[in-house]
There are 2 protein chains.
Amino acid sequence: MNTQNTSREKILNTATKLFQINGFNATGLNEILEESKSPKGSLYYYFPEGKEQLALEAIQLACKSIVERLRGTMDKYSDPVEALKYLISNITDDLNDENKLQDISISLMALETYSSNEKLRLACEQVFTELSNVYAHKLIQSGFAPQKAEELGMAIEIMIEGAITICVTRKDTVPLSAISNILNVLLSQDSL
Amino acid sequence: MNTQNTSREKILNTATKLFQINGFNATGLNEILEESKSPKGSLYYYFPEGKEQLALEAIQLACKSIVERLRGTMDKYSDPVEALKYLISNITDDLNDENKLQDISISLMALETYSSNEKLRLACEQVFTELSNVYAHKLIQSGFAPQKAEELGMAIEIMIEGAITICVTRKDTVPLSAISNILNVLLSQDSL
DNA sequence: GTCTATAGGTTGATAGAC
DNA sequence: GTCTATCAACCTATAGAC
């Protein structure tokens with residue numbers, strides 16, 4: 001998971017996990033320090049701007065993890081429909097194993113910050129854009145027209161975020177199955 | 001908007017608004033009391049179980065508002081595709097006017113509570129189910145098979161929640177336009 | 001660089017006068 | 001039913017010893 005053992009990385013990794021699962025407002029700095037076994041002095045030494053800076057870096061780190069997973073699964077199949085099915089089954093397994101948003105979605109932080117913190121909102125916006133682009137790129141590779149691929153990429157990102165939100169709320173993975181079928185229909189008939 | 005002027009209703013209406021827009025954790029009881037011009041004594045008189053009870057009733061009231069809007073717009077057109085287009089343009093107008101979640105979505109509260117408060121999680125789950133059913137009902141009315149309608153109803157709910165999340169994060173309404181097109185394709189070819 | 005102590009503010013909740 | 005005063009607990013952040 002995390003390679004180095006510096007205090008900075010321990011704090012950031014723990015913060016990234018807790019912010020994703022429980023949210024920005026529900027996660028206290030004390031909680032992060034306790035779970036990462038770090039002293040408060042270190043936090044403000046490494047993140048002099050405090051909680052906001054920590055959250056900003058956490059969003060960016062979460063983005064890296066999510067994109068990595070996404071790329072890793074999408075590259076397993078050349079056919080985009082097969083690749084998406086595999087990605088969705090992958091996320092489904094994770095949610096079944098543990099009903100938590102870690103390495104899955106930053107929707108919670110996005111909704112917590114859209115109206116209260118412009119810097120963090122922008123960081124979340126960038127995550128959504130990047131994820132959409134990964135999907136679009138996959139579609140372009142398999143022959144979709146760039147404009148069509150971009151629109152579909154955004155639609156895929158929308159469906160996955162929406163499905164995850166409702167999955168964790170319901171504590172089941174039916175919504176992900178539902179969009180798996182929809183994507184099948186959508187991408188098969190709507191090509192080129 | 002609110003008909004009666006009892007302290008209870010003033011508190012509940014304000015809480016419902018603030019919880020939806022800023023979330024459960026970001027909204028303090030003091031803030032609710034200040035905005036509703038109510039004394040703290042009244043809050044605990046009418047909501048003896050405190051913040052949790054207030055949030056529970058707020059989720060249910062928000063559900064009523066959202067369902068009302070949804071039914072109101074869906075009933076304007078008999079064709080479900082036209083009705084959904086109208087609903088989406090309606091939500092788009094609201095978000096353009098003011099980039100806030102009020103009377104639009106409870107996704108923020110759902111994500112804040114899914115892992116920390118079972119009572120509130122269940123209330124949010126019920127909201128998502130109810131909204132899905134409104135869509136499904138509309139599809140059944142226009143000739144879709146019940147099972148197909150149920151699956152599509154959930155898919156519609158997923159897409160709208162996902163699109164709203166990304167809309168407020170981006171501060172634009174492009175995602176809602178994107179799913180409007182998708183729904184057109186999806187419901188036109190996939191009927192009966 | 002690490003750690004502790006603590007400041008200064010806010011939170012949800014309670015007690016008790018009226 | 002209404003209102004105020006107050007509580008203990010928590011929060012983010014800072015100061016300063018080591």
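Every chain is numbered from 1, with letters handed out A, B, ... down the list of sequences. Any value given below was found using the heavy atoms of this structure, including those in side chains, with hydrogens, waters and symmetry copies removed.
Atom CD in A:E130 sits 10.5 Å away from atom CG in A:L70 (nearest 0.5 Å). Note that CD1 of A:I32 is 7.0 Å distant from NZ of A:K51, once rounded to the nearest 0.5 Å.
Rounded to whole Å, atom C1' of D:dT2 lies 13 Å from atom CG of B:L33. A:Y45 places its OH atom 18 Å from the C1' atom of C:dT4, with the value rounded to the nearest Å. Taking atom CG on A:N22 and atom P on D:dC11, their separation rounds to 13 Å, with Å as the unit. Rounded to a whole Å, the CD atom of B:E31 is 9 Å from the P atom of C:dG12. To the nearest angstrom, P of C:dG12 lies 4 Å from NZ of B:K51. Here the P atom of nucleotide C:dT2 and the CZ atom of A:F47 are 12 Å apart, to the nearest Å. Residue A:R8 contributes atom CZ, which lies 16 Å from atom C1' of C:dT2 at whole-angstrom precision. One atom, OH of B:Y44, and another, C1' of D:dG1, lie 17 Å apart when rounded to the nearest Å.
Take the nearest nucleotide of DNA chain D for A:G41 and for A:A26: the residue whose nucleotide is more 5' is A:A26. Nearer the 5' end of DNA chain D, as judged by each residue's closest nucleotide, is the contact made by B:K40, out of B:K40 and A:P48.
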Criterion salt bridge (Lys or Arg N to Asp or Glu O under 4.0 Å) on B:R121 and B:E125, from CA distance to verdict: CA-CA 6 Å; B:R121 180 195 69 76; B:E125 176 181 344; 2.9 Å; yes
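Look at A:N30 and you won't find any side-chain N or O under 4.0 angstrom from OP1 or OP2 of D:dC10. Checking the phosphate oxygens (OP1, OP2) of D:dT2, a side-chain nitrogen or oxygen of B:Y46 falls inside 4.0 Å.
More than 12 non-hydrogen atoms from other residues, nucleotides or ligands lie less than 6.0 angstrom from CD of B:E118.
For B:P39, the side-chain atoms get nearest to D:dT2 when compared with the rest of C:dG12, C:dT11, D:dT2. Proximity note for B:S42 (side chain, C-beta onward) versus D:dT12, D:dT2, C:dA13: the nearest is D:dT2.
Residue contacts for A:T27: at a heavy-atom cut-off of 4.0 Å it reaches the sugar-phosphate backbone alone, with no base atom in range.
Contact record, B:I21 with A:Y114: O-OH, 3.0 Å, taken as the closest heavy-atom pair.
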